[in-house]
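In what follows, every heavy atom counts, from backbone to side chain, and hydrogens, waters and symmetry copies are set aside.
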Amino acid sequence: MDQISPKILIPESFQGNGYDITGQIGLIWELIKAPLIVPLLRLGVYICLAMSLMLFMERLYMGIVIILVKMFWKKPEKRYKFELIQDDVEAGSSNFPVVLIQIPMYNEREVYKLSIGAACGLSWPADRLVIQVLDDSTDPTVKQMVEQECQRWASKGINIVYQIRETRGGYKAGALKEGLKRSYVKHCEYVAILDADFQPEPDFLRRSIPFLVHNPDIALVQARWRFVNADECLLTRMQEMSLDYHFTVEQEVGSATHAFFGFNGTAGIWRIASINEAGGWKDRTTVEDMDLAVRASLRGWKFVYLGDLQVKSELPSTFRAFRFQQHRWSCGPANLFRKMVMEIVKNKKVKFWKKVYVIYSFFFVRKIIAHMVTFFFYCVVLPLTILVPEVHVPIWGAVYIPSIITILNSVGTPRSIHLLFYWILFENVMSLHRTKATLIGLLEAGRANEWVVTEKLGDALKKAEAAKKANTKSPKRITRLFKLPDRLNTLELGFGAFLFCCGCYDFVHGKNNYFVYLFLQTVTFLITGFGYVGTIIPSY
């Protein structure tokens, strides 16, 4: 019997060297589209629509509650016992509790004077205040400058301690934990945490500490951030719009309804006893602040958010710094959710509805769904439906729901309403980066514990601008910020090319006119891909 030679079962049109390669690709596409691509894409549409509805309902709930809070809820001073601590000539300062101020630092060349000076300027009895500068700097010059600044204030009678560690183990969490181990801390009842760029007003402690003194079930008082460089460039304006919603709505609603919200890591005052009861600072994720807040809340402690108490701070002015910050802020919560979800479910000290709020609203919708639906729906699934017209996206899911969500998100920053459309495009681009970080956190992949300190510039840019006007050379360290980036952001460039191709196809063959959005989104992806978002783009 003759040996039967194997033969690949493919259409004859694929065989032969003369067949056009484009035609072959087109034929493969037609063969797999109906049985594979269409069902998968249709499933993707259904999943994205479901996530959109979840996000819409959460935003609508938050919007209704914040209206009720503003109209009918009592302010924190009325909901809790509150009485200012009065100065008493006879008693001296004994009626003031001893407060520890912790200022963690890492090579903060531009801002170390601002935070130390603001802490030393707090209107609190000097003998009832301990300022602890936790310097993890690796630059010897910076360490020397910070130490000299501490010595300068100490010579004025301020109780300030300069503290360093041999290693950076645990990063910020490790520094804060190490600081609380000092013998003199046992005399302190409360600890205020201020990052290196935060500058509280002199009455910061007088307006916040009374909540802790008169309400033994309160563990945390959180102040709002106020951004001193919000008008510096378009990048900072975009960040302000996102963060203002967080403070105006999310923090306010969580505080009023469940006495819980995520600690922001700075501009907050903790009861030291609650930190110890919750297990202290842990470095198992890059959001040690949120980790501590969730653990303390599960033990029955309450949190208070004071929207009227504002602390000056700085937004990242460069796209590189912003990307690193967003990776940490997206990856950390997802990783913490992975580690704590079952602990929250099994907890018996908090009410059922509070557990639902923490798991579903706080973690699942805001920290996971919000990033993924923005990226997958508007940057992947919707463009692909242009190439596969058999899959239909309802107009309510593609336009109406996103528009309402966007309007609800914009209530925090009415002054920037004219930037709303560009903010949408920019957030879609950043959703790529956030989704990637979220998946890394959920899967606990390679960069899950990456910690890059956000670069702060302080008054450096203003000095550079002043030097430019005076026709003098600005410092080299600042001029580098305005050069082209050292490397391109290839992921953004790749998606920009993909969206451009989909836009061109829709312009020629499409019926929904999605190409208008796709071309604008392409431009935004290319801008970020080439690193042009930052100080070189002026604010409006």
Side-chain angles (χ1 to χ4, degrees), residues 74-103 113-134 149-163 179-180 182-195 198-226 255 259 263-264 266-276 301-313:
K74 295 180 180 179
K75 290 190 174 183
E77 292 82 357
K78 302 294 184 181
R79 294 202 308 269
Y80 299 96
K81 186 178 179 181
F82 179 84
E83 183 179 347
L84 291 174
I85 302 174
Q86 301 295 332
D87 295 294
D88 192 321
V89 177
E90 295 182 0
S93 61
S94 60
N95 56 335
F96 286 82
V98 181
V99 180
L100 173 69
I101 306 288
Q102 288 187 315
I103 308 177
K113 285 187 178 181
L114 300 177
S115 56
I116 294 176
C120 293
L122 291 170
S123 59
W124 198 259
D127 61 330
R128 313 297 284 180
L129 187 67
V130 180
I131 300 174
Q132 195 179 64
V133 178
L134 308 171
E149 182 69 8
C150 294
Q151 292 173 351
R152 187 174 73 85
W153 282 104
S155 65
K156 296 181 180 182
I158 302 297
N159 189 4
I160 185 170
V161 180
Y162 177 73
Q163 187 172 308
L180 291 178
R182 301 299 172 176
S183 58
Y184 54 83
V185 174
K186 65 182 180 181
H187 302 293
C188 302
E189 297 180 56
Y190 312 108
V191 54
I193 300 170
L194 299 171
D195 281 356
F198 277 72
Q199 307 160 57
E201 298 297 330
D203 63 349
F204 173 67
L205 294 180
R206 289 182 178 265
R207 294 176 60 185
S208 56
I209 292 294
F211 284 98
L212 296 163
V213 171
H214 301 301
N215 301 275
D217 57 344
I218 292 179
L220 167 67
V221 177
Q222 174 70 61
R224 177 173 177 166
W225 301 357
R226 179 161 61 90
S255 176
F263 174 45
N264 295 318
T266 180
I269 304 96
W270 279 90
R271 187 185 302 273
I272 294 179
S274 68
I275 296 178
N276 295 332
W301 290 98
K302 295 181 179 180
F303 305 159
V304 176
Y305 170 70
L306 302 180
D308 295 333
L309 181 60
Q310 301 184 1
V311 178
K312 292 187 290 185
S313 62

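One distance of note links CZ of Arg224 with CG of Leu306; it measures 12.5 Å at 0.5 Å rounding. Taken from CZ in Arg207 to CD1 in Ile269, the straight-line distance is 11.0 Å, to the nearest 0.5 Å. Going from atom CG of Asp308 over to atom NZ of Lys75 covers 5.0 Å, rounded to the nearest 0.5 Å. Going from atom CG of Leu122 over to atom CD1 of Ile131 covers 6.5 Å, rounded to the nearest 0.5 Å. The distance from atom CG of Leu194 to atom OG of Ser313, rounded to the nearest 0.5 Å, is 11.0 Å. To the nearest 0.5 Å, atoms OG (Ser255) and OH (Tyr305) are separated by 9.0 Å.
In this structure, Arg271 contributes its side chain and Ile218 its backbone to a donor-acceptor pair below 3.5 Å. Proximity of a side-chain donor or acceptor of Asn215 to a complementary backbone N or O of Lys81 within less than 3.5 Å is detected. Checked by atom type and distance alone, the side chain of Asn159 never pairs as donor or acceptor with a backbone atom of Ala126 at under 3.5 Å. Distance alone, capped at 3.5 Å, is enough to place a donor-acceptor pair between the Gln222 side chain and the Ala267 backbone. Side-chain atoms of Glu149 do not come within 3.5 Å of backbone N or O of Ile116 as any donor-acceptor pair. Side-chain atoms of Trp124 come within 3.5 Å of backbone atoms of Pro97 as a donor-acceptor pair (strictly under, hydrogens ignored). When atom types are taken as modelled, the side chain of Arg226 and the backbone of Gln310 share no donor-acceptor pair closer than 3.5 angstrom.
Checked by atom type, the side-chain pair Arg182/Gln132 shows no donor-acceptor distance below 3.5 Å.
More than 12 heavy atoms of other residues, nucleotides or ligands lie within 6.0 Å of NZ in Lys156, so this atom counts as buried by the packing criterion.
In this structure, Phe211 and Phe82 have tilted ring planes: the angle between them lies in the 30° to 60° band.
Taking the six-membered ring where the residue is Trp, the centroids of Phe198 and Trp225 are separated by under 6.0 Å.
Under the side-chain contact (heavy atoms from CB on, under 4.5 Å) rule, Ser115 has a single partner from Ile103, Val133, Thr266, which is Ile103.
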